[in-house]
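Convention: sequence-line order gives letters A, B, ...; per-chain numbering from 1.
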Amino acid sequence: MKRLDLIIPELELERVRKALREAGVPGYSVMRHVTGYGAAGVVSEGLEVSGTGANAHVIVFCEPALLGTLRRLLRPLLSTYGGVAFVGDAEPL
Amino acid sequence: MKRLDLIIPELELERVRKALREAGVPGYSVMRHVTGYGAAGVVSEGLEVSGTGANAHVIVFCEPALLGTLRRLLRPLLSTYGGVAFVGDAEPL
Amino acid sequence: MKRLDLIIPELELERVRKALREAGVPGYSVMRHVTGYGAAGVVSEGLEVSGTGANAHVIVFCEPALLGTLRRLLRPLLSTYGGVAFVGDAEPL
Amino acid sequence: MQSSVVLQNLLSPPVLFFVLGIGAVLVRSDLEVPAPLPKLFSLYLLLSIGFKGGVELQHSGLNQQVLLTIGSAVLMSLLVPLSSYWILRRKLDVYNAAAIAAAYGSISAVTFITAESFLETSHLHFDGFMVAALALMESPAIIVGLLLVRALAPRNGDSAEKTVGGWGAVLHEAFLNSSVLLLLGSLLIGLLSAAFSPSGMAKMEPFTGGLFYGALSFFLLDMGIVAAQRLQDLRRAGAFLVGFALLAPVAHALVGLGISRLLGLPQGDALLFMVLCASASYIAVPAAMRMSVPQANPSLYISSALGLTFPFNIVIGIPLYMALVQRVIPVLP
Amino acid sequence: MQSSVVLQNLLSPPVLFFVLGIGAVLVRSDLEVPAPLPKLFSLYLLLSIGFKGGVELQHSGLNQQVLLTIGSAVLMSLLVPLSSYWILRRKLDVYNAAAIAAAYGSISAVTFITAESFLETSHLHFDGFMVAALALMESPAIIVGLLLVRALAPRNGDSAEKTVGGWGAVLHEAFLNSSVLLLLGSLLIGLLSAAFSPSGMAKMEPFTGGLFYGALSFFLLDMGIVAAQRLQDLRRAGAFLVGFALLAPVAHALVGLGISRLLGLPQGDALLFMVLCASASYIAVPAAMRMSVPQANPSLYISSALGLTFPFNIVIGIPLYMALVQRVIPVLP
Amino acid sequence: MQSSVVLQNLLSPPVLFFVLGIGAVLVRSDLEVPAPLPKLFSLYLLLSIGFKGGVELQHSGLNQQVLLTIGSAVLMSLLVPLSSYWILRRKLDVYNAAAIAAAYGSISAVTFITAESFLETSHLHFDGFMVAALALMESPAIIVGLLLVRALAPRNGDSAEKTVGGWGAVLHEAFLNSSVLLLLGSLLIGLLSAAFSPSGMAKMEPFTGGLFYGALSFFLLDMGIVAAQRLQDLRRAGAFLVGFALLAPVAHALVGLGISRLLGLPQGDALLFMVLCASASYIAVPAAMRMSVPQANPSLYISSALGLTFPFNIVIGIPLYMALVQRVIPVLP
Ligand SMILES: Nc1ncnc2c1ncn2[C@@H]1O[C@H](COP(=O)(O)O)[C@@H](O)[C@H]1O
Ligand SMILES: Nc1ncnc2c1ncn2[C@@H]1O[C@H](COP(=O)(O)O)[C@@H](O)[C@H]1O
Ligand SMILES: Nc1ncnc2c1ncn2[C@@H]1O[C@H](COP(=O)(O)O)[C@@H](O)[C@H]1O
Ligand code: NA
Ligand code: NA
Ligand code: NA
């Protein structure tokens, strides 16, 4: 199994969720109110009061076979709206 | 060392915490207000106002030797109340 | 690429952030309001109202070459103020 | 049914904000009240309603009428789950039937509060002890639901153990869950303050009193959003459950009306009694059921109680019951 | 410019708490209002201002003056982005120029609210329909900004697709974003309550009325912190944008003053009209731009609107505009 | 000690809700006020108390009595850590003794606020400048604690560096931590508003005044939960620290009573002065100590201040000190 970590601007979340469902992942988890720093600069909590919001952290545990589809669906979103996606290994307990 | 990620309904949290202490893990961390999607359907923030709550994300870094005990203690909880548990590799910085 | 997970008392956050920028990481993400248990005992939500706060979870994806600098900058912080740091593998999606 | 009563309810700020919340979901707006803000409002409403109920209970005192009314309310919270189970079992398995039955035996504090506000804007009196009835109806329904599972569930393998768990945990969950505890605790505090600290009691007023109506309206905005989101779950549930979720409240309200008549309750109390019978729990009971009857599907009992029965009662039920009250219950001289 | 007006504004609690928030960042204190508490206050302020505006709109009714004023406000929200784009394009690319232009065509509800509070403490009347103008100025500026991008952006490769996205999504974002929806919804609710549920309307008052000024002050404490943090971003933006962020509000306010004079608005409404023209959006427009014009740099449009124009208007702009109003607009008999 | 004073305090809503919170933990209910809602209430209370104190300070002005009282309060915040250290050092190491000593030299704003509310419900006057004393007692105790560590800690290896860190950071933490800044800032804002913006000041009242007592009660519900959770940590602390946490407040209150008598303070101010001496910090000091004296064990200084001294003062201390005040301090003519 693989573990996919997405850290993305909150405004992207709805589209990412849709992409995950479309790719057929067995599940995912979302944490909001994530702040950070990346190519687009600093995202601080203060920005939550502006319309652009903070970041969200999405975790997906899925079969390696899904990664191709996920890459195809998510890469355009990430390059348009920002955020990062990393894959690691994970086995069910 | 191993890294264990548990994503579980919040109502399970107290029992999971107890299981972790019983297994003798050196520490754990908990993030609440986690939403998501899995076998039991969608968990949205709106559900936090209903009594069943959202999910929690528990991270444990521990020796591989503990995984057997953790599996024994946690599996029944996960199969009764839902949630997922995945193990990966991690080394202290 | 490597994935670094730091779980630290919130009061340490500003210094950790500074260390990460100094080490030249390409980005990082921060989740607050993390509770847990470790060498210093239990950190519960109730403590957020006391001045010492809860924990924060910091995730960094970076090149393995940075780990040496990160170790040098972060270890003294961790040994003084508490918290854990673990490294795993991760590849961009 | 007088259209003026319906309009008066429908065009009051709390109900209008509820409808706005539903509308926001329907037009797919990103309007939301992020967690844990809704928790702030629900804690506030429980605390305030308990406190005010306690103050009024202290003023009115406990007489036979009070005890009879509270007793009848508790009785209803025992009987409703039994009759509901009997109906639900036709189409659902033991676990789901029992969990939904328990939800309908219990109450929805927000529905009760909205009915109180409706009475207040109509300048109709109601009694503080009705809050005690509200608080005491939560737990029995949970117990009945779990007894049903224990008695009627198939015993194969370990599923009997999974079911219900130890009775200690169950009773704890039923009687000491946060909403029961906060309601009863605040009731007691209101009672004690009214008796021994009148100036303290008076200083609570701007918080528990003045602010209340607006805070309820704000909270109902969020509840509208949440209810509309749940509604979308109901597609899976099927027509039987949809029918139950819309007809059961009316049936239970009618029984409540009959009992109110028998007890000789005044109009305001009769409406609240009907609302207690008609409303279904989406907080305490789901929490208890999810822990004790994990075999039941939460999306069934939460969606029916929260996605259908709750908005039905808020928007249509309350004025409908009021119209019935006005026909059946004589105005006190 | 009468120094008493400036002092009266500067030494009022909302502005002082705003300055305290700025000061906290400057001395590097750890004072913060953690998420999502600021959201609670911004939802509360929108709901309250909409509700109160609706109540007053119901009392005043819709006459020609009202419609003319609202129409002029909407017109300004179409023209300001065009003229702003023309200026900004000298130094910035199409995407950034259009995004910033849209922000300045739109409005800042908190600036408007602070101006209302300023009028109230000065015992100057203003009309409820100005809130309708506020609500209706958010969306057109977004549309103009996106039309500018569509018409003037270079079309190389897929960037045309990236730009703006489907118009459906854009119009949805422009007209159904949470702040527009909550404002217009609350306005309508206020209007309906005032017409049909006067006792419900009255019971909202402690929440939407009494509490308002203090809640605004608390929120401005946080906005001061946020604005000061943004200010530090502006180093990257350069002198041109800093100049624009400070001069554009004054220029737009002057145009607003001229229109107010032409329309024969009373003093209070004239100030609000000027503030609508002078303020820039840091909520609805940035959200829409970030989604529809991802090529623009959010730190430019957010920092200029939130880090400079917003504090300028709160601290200096409002009393400055008031001083101008007092010179140009006759006091009603 | 008149039992009526005790009952009057114990049966007031704030204290009853505090007890409810403690009870919820004892019966293992899941009642909780999730983060960051408690932060909302603590910010609100600091802002309101500071603002109201500033308004009253403007009305009363600064005279010799005021300056003497504030000076004595600051003196107490320097002396209490010294004497406490001397006692604590018998059983604890330098780091822990200094950190706990600093906590007891500093103050608990919530205890102070509860005492104010107690006075208000008893219709006893107190002066606004006592809030200034409250704000000015936080920082000196921190400094003394750090000086103790610097002077008396063993210097082996790098632990000297670890200790205290640069003085710049320490002074910054002592004087610009969020609670000191918000209190002093709000005090100044109250003062300025009262002087220059009386209508602004008046419009704050429903928020900072009317709401206050209820919000305090709500917050104390949560503080009861938190204190009871901390109490369970105290098992590790041992009988010595438990004894200190219960006897030190009484001893310090008695010294405060003597000083109040010497200064000729009226009854209300005397009670507040005693409470300032008796209470221990669980916010500003722990934050500073954890950063500057990482060798000290936070669970010792937080648990004793928050788990024992705080509930002791709220439930028993305040009425006890009041009973003493009534014996020792003459009623003003
Ligand atoms: N290397 C990284 N490691 C961890 N989080 C990152 C990294 N890069 C970016 N992020 C997160 O992703 C968000 C958006 O990234 P970006 O689009 O690169 O600005 C940032 O605000 C961070 O929260
Ligand atoms: N494959 C997955 N990857 C990440 N999170 C998951 C996954 N499956 C389930 N979850 C999380 O675990 C929660 C409970 O899962 P379940 O019991 O499968 O419904 C979900 O609401 C998700 O937050
Ligand atoms: N082994 C562990 N696995 C996961 N989180 C940990 C672990 N040890 C400590 N933590 C987290 O780090 C925080 C501080 O750790 P400590 O300084 O060891 O008390 C704890 O409160 C936990 O949230
Ligand atoms: Na019921
Ligand atoms: Na504008
Ligand atoms: Na003290």
Side-chain angles (χ1 to χ4, degrees), chain D residues 34-48 50-52 54-55 168-169 171-212 215 283-284 287-288 291, chain F residues 3-41 44 114 116-124 205-222 224-225:
Chain D
L37 299 180
K39 189 87 187 194
L40 172 67
F41 287 91
S42 58
L43 290 172
Y44 164 77
L45 292 177
L46 290 174
L47 184 155
S48 297
F51 185 83
K52 291 186 292 187
V55 167
L171 292 173
H172 188 274
E173 182 61 27
F175 287 104
L176 295 172
N177 71 70
S178 60
S179 47
V180 171
L181 190 76
L182 184 53
L183 254 179
L184 283 180
S186 305
L187 191 96
L188 197 66
I189 291 173
L191 214 152
L192 290 170
S193 310
F196 300 103
S197 174
S199 74
M201 181 200 81
K203 283 168 72 79
M204 292 294 283
E205 209 286 327
F207 185 76
T208 54
L211 216 60
F212 192 80
I283 301 187
M291 205 171 280
Chain F
S3 73
S4 76
V5 180
V6 179
L7 268 190
Q8 200 182 328
N9 181 60
L10 197 62
L11 297 173
S12 70
V15 177
L16 286 170
F17 277 108
F18 185 71
V19 172
L20 178 59
I22 293 176
V25 175
L26 296 185
V27 302
R28 298 181 169 277
S29 171
D30 58 343
L31 184 61
E32 59 153 5
V33 182
L37 300 180
K39 188 88 187 193
L40 173 66
F41 286 92
Y44 164 77
T114 310
E116 277 197 358
S117 292
F118 174 73
L119 289 172
E120 279 178 13
T121 51
S122 314
H123 304 293
L124 261 172
E205 209 286 325
F207 185 76
T208 54
L211 217 59
F212 193 80
Y213 196 77
L216 172 65
S217 301
F218 194 136
F219 185 54
L220 280 173
L221 173 68
D222 182 54
I225 296 173

Is [X] in contact with chain D via its backbone, its side chain, both, or neither, using a 4.5 Å heavy-atom distance?
X: L20(F); answer: side chain
X: V19(F); answer: neither
X: F41(F); answer: side chain

Picking from [options], which has the most non-hydrogen pairs under 4.5 angstrom with chain F?
options: A35(D), G200(D), S48(D); answer: G200(D)
options: L43(D), L211(D), N177(D), L192(D); answer: L43(D)
options: H172(D), M201(D), E205(D); answer: H172(D)

Would you say F196(D) and Q8(F) make side-chain contact, with heavy atoms under 4.5 Å?
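When only atoms from C-beta onward are counted, Q8(F) and F196(D) do not touch, as no gap falls below 4.5 Å.
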Do S186(D) and F17(F) have side chains that get closer than 4.5 Å, going by heavy atoms?
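Side chain of S186(D) against side chain of F17(F), heavy atoms only: contact under 4.5 Å found.
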Donor-acceptor contact below 3.5 Å, side chain S178(D) vs main chain D30(F):
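Answer holds: no.
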Which of the residues L37(F), L216(F), L40(F) is involved in the greatest number of heavy-atom pairs with chain D at under 4.5 angstrom?
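Heavy-atom pairs under 4.5 Å are most numerous for L37(F).
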Interface moiety of T208(D) toward chain F, non-hydrogen atoms closer than 4.5 Å
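Contact with chain F involves no heavy atom of T208(D) at all.
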Within a reach of under 6.0 Å around CZ of F175(D), are more than 12 heavy atoms found that belong to other residues, nucleotides or ligands?
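Correct, the count exceeds 12.
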